[in-house]
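Comments concern the structure below.
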Amino acid sequence: MDAHEVMRVRAKLALFVADVFASVPRKDQRAKGDCYLRGLMLDGRRKSIQAMAARLPDGNEQNLQQFVNQSTWDPTPVRRRIAERMLPLIGPEAWALDDVSFPKDGRMSVGVAHQYCGALGKQANCQVAVSVHAVTDTASCPLQWRLFLNEEWAQDAERRRGTGVPDECGHREKWLLALDILDELAGWGMRPPLVVADAGYGQNADFRAGLTGRGIPYVVAVRSDTTAHPASAVPHTPPWSGNGRKPQPRYRHPPTALAALAGDAGRDAFTQVAWRQGSRGTLHSRFLALRLRPAGVKVRRLIQDAALAREGHWDGVLPELWLLAEWPPDAKEPTNFWLSTLPTDTPITELVRLAKIRWRIEHDYRELKHGLGLDHFEGRSWTGWHHHVTLATAAHAFLTEQRLAPKADTPDSPSTRSSTPSRTC
């Protein structure tokens with residue numbers, strides 16, 4: 001936005017800030033929040049505090065630095081209020097989850113480590129955060145974030161103390177952080193219609209079981225070497241000789257890789273499906289939907305443990321769900337695979353559309369980074385990072401509201417009624 005556009009929406013922004021930052025106790029802090037949001041939305045190549053303060057007529061670098069890096073306002077109720085405003089406005093068809101990286105120099109910025117950096121496509125020095133977004137084909141917004149701390153950070157008392165990492169926040173795998181976010185949002189009365197995720201999450205049997213245990217349907221990408229039995233397969237129990245432990249029910253044949261199951265169906269079994277309009281026209285490819293039973297030692301153990309806890313026994317039957325496979329016309333074999341717990345009567349067109357809807361989270365990351373300075377934060381502290389991410393999320397939400405429904409009514413803000421501070425690990 002240029003300076004004229006920012007001035008044009010100043011009154012609307014003031015109302016937005018008054019509502020979203022109602023939990024922030026001091027009036028001067030809320031005013032700094034308004035100023036910071038304008039800095040993020042205003043045109044400019046760099047969205048560091050110094051650069052934004054120089055562009056804003058009321059920008060004061062010292063005040064903004066204090067507001068973001070030292071001030072004690074709690075970002076959690078602010079994010080909650082943003083979610084309360086945005087969910088009814090967007091009406092999401094899914095929640096998409098992923099992780100995003102922020103390349104960083106040095107080793108003292110909170111969470112920074114030599115790890116895989118998606119922004120660079122290689123191992124590099126960076127921070128990584130997990131986020132969950134409400135998405136449709138036409139709109140989306142972040143709902144909540146978690147900063148990932150690797151095991152080195154969990155054990156480094158000096159760096160934790162220097163960056164202000166709370167004692168209770170340590171190393172948790174990314175898929176667990178994603179489930180933590182879903183649990184927190186559920187505590188706010190917010191549940192997803194379904195979850196979509198890439199293979200970094202979908203490949204993890206514990207993550208899929210976590211979604212199922214929470215009653216959340218999913219469409220998640222998996223690798224081609226994931227194994228499964230055909231839906232028609234049934235386990236059998238070998239006769240017991242009378243000695244030793246009774247044999248457990250087993251499937252007669254070993255499971256098959258998804259690539260083989262889909263490929264054996266043949267190219268002619270794949271159907272042409274279009275899922276949305278892209279910048280260069282209609283996006284389409286060829287897809288196959290099969291019912292099958294995912295296998296593997298981890299899958300079997302999780303299903304067995306759940307059945308024993310629930311019913312006291314297990315009949316050996318692995319749950320049946322969807323495999324969606326994509327075989328592009330110019331490929332020699334199927335290239336992409338998804339597993340889904342959607343109902344058996346779900347049309348293949350709907351499976352494809354929901355499998356592909358995850359593109360919206362990449363759209364959000366691009367807008368947040370390139371337009372709103374999500375990755376321009378130069379501070380090092382835990383508090384500063386969470387404040388900056390919350391402010392970037394607020395700026396994104398405000399712009400989304402202006403695009404979709406400038407006069408939208410939103411519900412009252414229960415999240416501002418509690419003065420109990422909270423921490424986000």
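Nothing fancy with the numbering, it's 1 onward along the sequence.
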- [ ] Mark yes or no for whether Arg293, through its side chain, and Val317, through its backbone, hold a donor-acceptor pair below 3.5 Å.
- [x] no
Open item on the list: Whether the side chain of His396 engages the backbone of Ala392 through a donor-acceptor N/O pair (distance < 3.5 Å, no angle test) should be reported.
Closed with: no
Open item on the list: Can you confirm whether Asp315 is buried at CG, in the sense that more than 12 heavy atoms of other residues, nucleotides or ligands lie under 6.0 Å from that atom?
Closed with: yes
Open item on the list: Tell me whether Arg353 is salt-bridged to Glu350, with the criterion being a basic N under 4.0 Å from an acidic carboxylate O.
Closed with: yes
Task: side chain to side chain donor-acceptor pair (under 3.5 Å) between Arg403 and Thr400, worked out - done: CA-CA 5 Å; Arg403 287 193 293 261; Thr400 302; 3.3 Å; yes
Task: Note: Asp180-Arg146 ion pair, threshold 4.0 Å (strictly below) - done: no
Open item on the list: Distance check, rounded to the nearest 0.5 Å: Arg280 atom CZ versus Thr282 atom OG1?
Closed with: 14.5 Å
- [ ] Please report the closest heavy-atom contact between Pro294 and Leu318, naming both atoms and the distance.
- [x] O-CD1, 3.5 Å
Open item on the list: Would you say that more than 12 heavy atoms from the other residues, nucleotides or ligands in this model lie under 6.0 Å from the CD of Gln277, or not?
Closed with: yes
Task: Salt-bridge criterion met for Arg276 and Glu93 (N-O under 4.0 Å) - done: no
- [ ] Would you name the heavy atoms of Arg223 and Ala199 that are closest together and state the gap between them?
- [x] N-CB, 4.5 Å
Task: Asp206 vs Lys298, side-chain contact (heavy atoms from CB on, under 4.5 Å): CA-CA, chis, key distance, verdict - done: CA-CA 8 Å; Asp206 287 295; Lys298 176 60 73 70; 2.7 Å; yes
- [ ] Carefully, step by step, assess Thr163 and Arg380 under the rule side chain to side chain donor-acceptor pair (under 3.5 Å).
- [x] CA-CA 6 Å; Thr163 55; Arg380 294 179 173 182; over 6 Å; no
TODO: Could you tell me whether the side chain of Ile181 reaches within less than 4.5 Å of the side chain of Leu97, counting heavy atoms only?
DONE: no
Task: Heavy-atom neighbours of Gln62 CD exceed 12 at 6.0 Å - done: no
- [ ] Of all the heavy-atom pairs spanning Pro142 and Leu368, show the shortest one and how long it is.
- [x] CG-CD1, 3.8 Å
Open item on the list: Does any part of the side chain of His133, heavy atoms only, come nearer than 4.5 Å to the side chain of Arg360, both counted from C-beta?
Closed with: no
Task: side-chain contact (heavy atoms from CB on, under 4.5 Å) assessment of Trp385 paired with Phe102 - done: CA-CA 11 Å; Trp385 187 89; Phe102 312 95; 4.0 Å; yes
TODO: Run the numbers on Met52 and Leu40 for side-chain contact (heavy atoms from CB on, under 4.5 Å), then give the verdict.
DONE: CA-CA 7 Å; Met52 291 192 299; Leu40 293 175; 3.7 Å; yes
TODO: For residues Thr349 and Val352, determine if any side-chain heavy atom of one lies less than 4.5 Å from a side-chain heavy atom of the other.
DONE: no
Sequence neighbours left out, cut at 3.5 Å: what donor-acceptor pairs do the side chains of residues 109-122 make with other protein atoms?
unit_1	atom_1	unit_2	atom_2	d
Gln115	NE2	Cys126	O	2.8

Task: Arg160 side chain vs Cys169 backbone, donor-acceptor pair below 3.5 Å - done: yes
Open item on the list: Are Phe270 and Ser285 packed together at the side-chain level, in the sense that at least one heavy-atom pair is separated by less than 4.5 angstrom?
Closed with: no
Open item on the list: Would you compute the distance between atom CD of Gln203 and atom CG of Leu339 and round it to the nearest 0.5 angstrom?
Closed with: 8.5 Å
TODO: First locate atom CG of Leu288, then atom CH2 of Trp327, and finally report the distance between them rounded to the nearest 0.5 Å.
DONE: 10.0 Å
Open item on the list: Closer than 4.0 angstrom, basic N to acidic O: yes or no for Asp34 and Arg38?
Closed with: yes
Task: Least distance between heavy atoms, Ser340 atom then Val219 atom - done: OG-CG2, 3.4 Å
Open item on the list: For His363 and Trp359, take the angle between the two ring planes, folded into 0 to 90°, and tell me which bin it lands in: parallel under 30, tilted 30 to 60, perpendicular over 60.
Closed with: perpendicular
Task: Min side-chain heavy-atom separation Ile361-Ser140 under 4.5 Å - done: no
Open item on the list: Counting only heavy atoms from other residues, nucleotides and ligands, does the tally under 6.0 Å from CD of Gln70 exceed 12?
Closed with: yes
Task: Residue pair Thr227 / Gly296: nearest heavy atoms and the distance that separates them - done: OG1-N, 4.0 Å
- [ ] Indicate yes or no for a side-chain donor-acceptor contact from Asp198 to the backbone of Ala221 under 3.5 Å, with no hydrogens or angles considered.
- [x] no
- [ ] Please state whether the rings of His387 and Phe67 are parallel, tilted or perpendicular, taking 30° and 60° as the class boundaries.
- [x] parallel
- [ ] In plain terms, say whether Arg366 and Glu362 are close enough for a salt bridge, that is, a side-chain N and a carboxylate O under 4.0 Å apart.
- [x] no
- [ ] Please tell me if the side chains of Val68 and Phe377 come closer than 4.5 Å, counting only heavy atoms from C-beta onward.
- [x] yes
TODO: Please determine if Lys356 and Glu326 form a salt bridge, counting it only when a charged side-chain N lies under 4.0 Å from a carboxylate O.
DONE: yes
TODO: Could you tell me whether the side chain of Lys47 and the main chain of Gly371 form a donor-acceptor pair under 3.5 Å?
DONE: yes
Open item on the list: Whether the side chain of Arg300 engages the backbone of Ala295 through a donor-acceptor N/O pair (distance < 3.5 Å, no angle test) should be reported.
Closed with: no
- [ ] Step through it carefully: locate the ring centre of His171, locate the ring centre of Phe148, and say whether they are under 6.0 Å apart.
- [x] yes
TODO: Can you measure from CG (Asn63) to CG (Asp28) and round to the nearest 0.5 angstrom?
DONE: 8.5 Å
Task: Heavy-atom side-chain proximity of Tyr365 to Asp98 below 4.5 angstrom - done: yes
Open item on the list: Rounded at 0.5 Å granularity, tell me how far CG in Asp137 sits from CG in Leu354.
Closed with: 8.5 Å
- [ ] Please step through salt bridge (Lys or Arg N to Asp or Glu O under 4.0 Å) for the pair Glu84 and Arg81, ending with a clear verdict.
- [x] CA-CA 5 Å; Glu84 289 168 349; Arg81 182 54 189 153; 3.3 Å; yes
Open item on the list: If we ignore hydrogens and angles and just use 3.5 Å, is the side chain of His388 paired with the main-chain N or O of Gly373 as donor and acceptor?
Closed with: yes
Open item on the list: Can you tell me how far apart CG (Leu143) and CH2 (Trp145) are? Round to the nearest 0.5 Å.
Closed with: 10.5 Å
Task: From CA spacing to verdict: side-chain contact (heavy atoms from CB on, under 4.5 Å), Trp322, Ile348 - done: CA-CA 10 Å; Trp322 283 111; Ile348 188 172; over 6 Å; no
TODO: Kindly give the heavy-atom pair with the smallest separation between Cys141 and Asp364, and that separation in Å.
DONE: N-OD2, 3.4 Å
Open item on the list: Less than 4.5 Å apart, side chain to side chain, heavy atoms only: is that true for Thr383 and Asn69?
Closed with: no
- [ ] Taking Arg159 for its side chain and Arg107 for its backbone only, find out whether a donor-acceptor pair lies under 3.5 Å.
- [x] yes
